[in-house]
Amino acid sequence: MKRLISNFKGSLLILPAIFIFSLTACSSDDDDNGNGDTKASVTIKFDHGWGPNHLPFNLNTALIHPATQEEITFTLLRYYVTNIELHHEDGTVWKEEDSYRIVTVEGNSSTQEITIPNVPNGEYSAVKFMIGVEEERNTSGAQEGALSPAENMFWDWSTGYIFFKAEGMSPAAPNGQFMYHIGGFEDPFNAIRSTTIAFGTQRLNVTSGSNTSINLKVNTARFWHGGISLADVFSIHMPNANAVTIADNWIGAYRFDELKN
Amino acid sequence: MILYRQLSPIIILSGMAFFLLSGCTKDVKEENTNIPLRIRQPAHFPKPVYTFDNNPPRRTVYELGKRMFFDPILSLDQQVSCGTCHAASAAFADPRGSAVSTGIFGRKGLRNTPALANLIWYPHFNQDGGINHIEVQPVAPINDSLEMGVGIANAVSILQNHPEYPELFARAFDSDSVTAARILWAFAQFMGSLVSDNAPIDAYYRENKPLPDKAIRGKSIFDEYCAGCHTGVLQSDFSFKNNGLNMGSHDIGRAEITGESQDEGRFRVPSLRNVAYTAPYMHHGQLNTLKDVIEAYSSSIADHPNLDPGLPVGGFGFSSQQKEDLYQFLLQLSDHSFVNQSF
């Protein structure tokens with residue numbers, strides 16, 4: 001699909017050229033990016049598993065939490081992955097512009113992926129991303145793309161993005177259900193968290209035309225960590241102290257698995 | 001963004017056709033979209049909060065926002081538009097005079113419909129101040145199952161599949177692709193254009209034009225007892241107060257946003273501009289007339305842990321002359337030309 005669009009665009013570049021030729025003074029605003037030589041796309045794969053042993057994770061499947069022993073069935077897991085950076089070993093950083101995506105666990109697959117186009121060629125030793133949306137985008141009105149309020153990751157009654165949602169059922173909850181809608185961009189209930197995931201001795205080699213991927217493991221049992229059980233905390237729908245605790249837990253869910261160069 | 005890029009060759013093509021016919025003037029998209037709109041910023045007002053920096057006022061965007069504002073297709077039962085509860089004749093409060101809003105399927109809302117005017121000077125929206133930006137305010141009533149209830153995602157597809165709206169979006173935004181942000185930008189232009197600056201109090205502030213005698217006496221009472229919160233030309237300091245007039249309502253107001261017990265029963269200080277048109281009064285429509293409001297502040301302020309310290313338990317104890325003078329002053333806040341606009 002992407003290739004189709006770029007071919008389509010490429011052939012259309014002829015048109016403005018003709019245009020400029022025939023009418024000298026009038027300029028076209030079409031960009032002349034010939035970027036194919038120094039950039040490539042990188043995929044990040046999020047492989048969702050259950051607990052430190054990465055047992056199979058699926059929606060609508062009863063799971064027993066390894067620490068609390070509570071039975072937990074997810075019906076929804078959806079989160080923002082934003083402000084992606086790739087780090088070079090020497091400490092220099094490439095930041096993706098306008099970097100906002102939503103990852104949703106859907107259907108029977110527990111692995112979701114996002115694609116970062118136009119990563120400059122180079123050797124990278126770590127990836128950094130935010131689970132959340134920075135303050136500025138929470139306070140500056142209507143946003144496009146993944147930040148559209150139509151994505152239903154937005155509190156309309158108390159402005160702010162819902163950084164992640166986990167919903168489901170559990171006999172441990174008084175009403176049999178749990179709902180974590182976690183957000184909050186202001187102190188003392190700032191739930192924005194970032195994580196830097198180093199690739200150990202491996203390096204991500206981005207070269208022209210390469211299609212590399214960063215595979216991460218996501219421990220979905222991690223919401224209940226550090227003594228928090230679902231029976232204690234089963235409903236969060238606004239920024240508060242529990243939301244901050246769950247955000248602290250959840251950012252620890254992401255860890256390095258492998259690179260595919 | 002991708003859609004825009006896909007469309008741009010088409011725009012260039014139509015631009016080319018235009019060029020070949022008429023030489024170097026503007027291309028078609030500019031002709032359609034670049035007619036600017038001037039939104040009044042009165043000299044005696046402070047600097048606005050919302051400056052349209054990312055949403056430059058244009059006639060086509062405003063017209064789109066106006067049409068959506070009065071269009072009931074943005075409600076689940078296709079019967080309720082923004083304008084159902086916010087009508088010009090009631091200074092954009094509820095023309096039916098209901099205590100609380102009436103939404104889809106006749107459902108009663110939770111609070112009294114606020115008047116709309118001078119919204120680009122507002123630092124926050126809704127009576128609990130939960131909404132931090134004019135552009136995202138309309139998401140709340142569109143989503144709320146007691147108000148319009150259609151949902152913003154659904155609104156996008158309704159407009160995209162409508163026989164006329166995609167063309168209106170194309171004129172406004174260079175693309176017929178409907179997005180939530182474009183809907184909201186258009187609403188912000190219409191809502192932001194509702195500037196009320198032509199009441200007698202404006203002539204008083206702007207040109208020193210004297211108020212009637214009774215109202216002058218009323219103003220000095222107002223300045224002493226009311227203007228601490230109903231401040232300045234906007235008639236609000238936009239703080240959150242408990243005024244001791246909750247009168248049995250269990251609505252916790254600002255505390256719903258902050259979770260703080262000290263905010264229970266606090267609500268935004270409303271602007272009093274056009275207040276004579278916006279009955280009934282208070283967050284729950286508890287008081288039917290302006291005279292009831294004056295009487296309540298005079299004799300019915302109830303104690304509450306969060307009662308504003310400027311308000312005496314029991315009330316101010318105004319004399320009947322003071323009440324009449326205050327009433328006459330409040331009438332000077334009415335902008336008849338604003339209320340008599342037709343849309």
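Everything numeric in this text was worked out from a predicted model, so none of it was measured.
- Contacts of A:Asn138 with chain B are made by backbone atoms alone, with heavy-atom separations under 4.5 Å and no side-chain atom involved.
- With sequence neighbours left out, B:Tyr62 forms a side-chain hydrogen bond (donor to acceptor under 3.5 Å, both in side chains) with no residue at all.
- Applying the side chain to side chain donor-acceptor pair (under 3.5 Å) rule to pairs touching residues 226-241 of chain A yields A:Ser229-A:Asp232, sequence neighbours excluded.
- A 6.0 Å sphere centred on NZ of A:Lys128 holds no more than 12 heavy atoms belonging to other residues, nucleotides or ligands.
- Minimum interatomic distance between A:Ala150 and B:Val156 (heavy atoms only, all atoms of both residues): CB-CG2, 4.5 Å.
- In terms of heavy-atom pairs under 4.5 Å with chain A, the best-connected choice from B:Trp185, B:Tyr50, B:Phe125 is B:Trp185.
- Between atom CD of residue A:Glu151 and atom CD1 of residue B:Ile152 there is a gap of 12.0 Å, rounded to the nearest 0.5 Å.
- Neither the backbone nor the side chain of B:Asn126 comes within less than 4.5 Å of any heavy atom in chain A.
- With sequence neighbours excluded, the residues forming a ring pair (Phe, Tyr, Trp, His ring centres under 6.0 Å) with B:Phe240 are B:His124, listed by chain and number.
- Nearest heavy atom pair, residue B:Thr179 against residue A:Glu144, reads OG1-OE1, 3.1 Å.
- The stretch residues 153-162 of chain A places A:Phe154, A:Asp156, A:Trp157, A:Ser158, A:Thr159 near chain B, each with some heavy atom under 4.5 Å from a heavy atom of that chain.
- How far OG of A:Ser140 is from CG of B:Asp53: 11.5 Å, rounded to the nearest 0.5 Å.
- Atom CG of A:Asn108 has 12 or fewer neighbouring heavy atoms from other residues, nucleotides or ligands inside a 6.0 Å radius.
- The side-chain heavy atoms of A:Pro149 and B:Leu184, taken from C-beta on, include a pair separated by under 4.5 Å.
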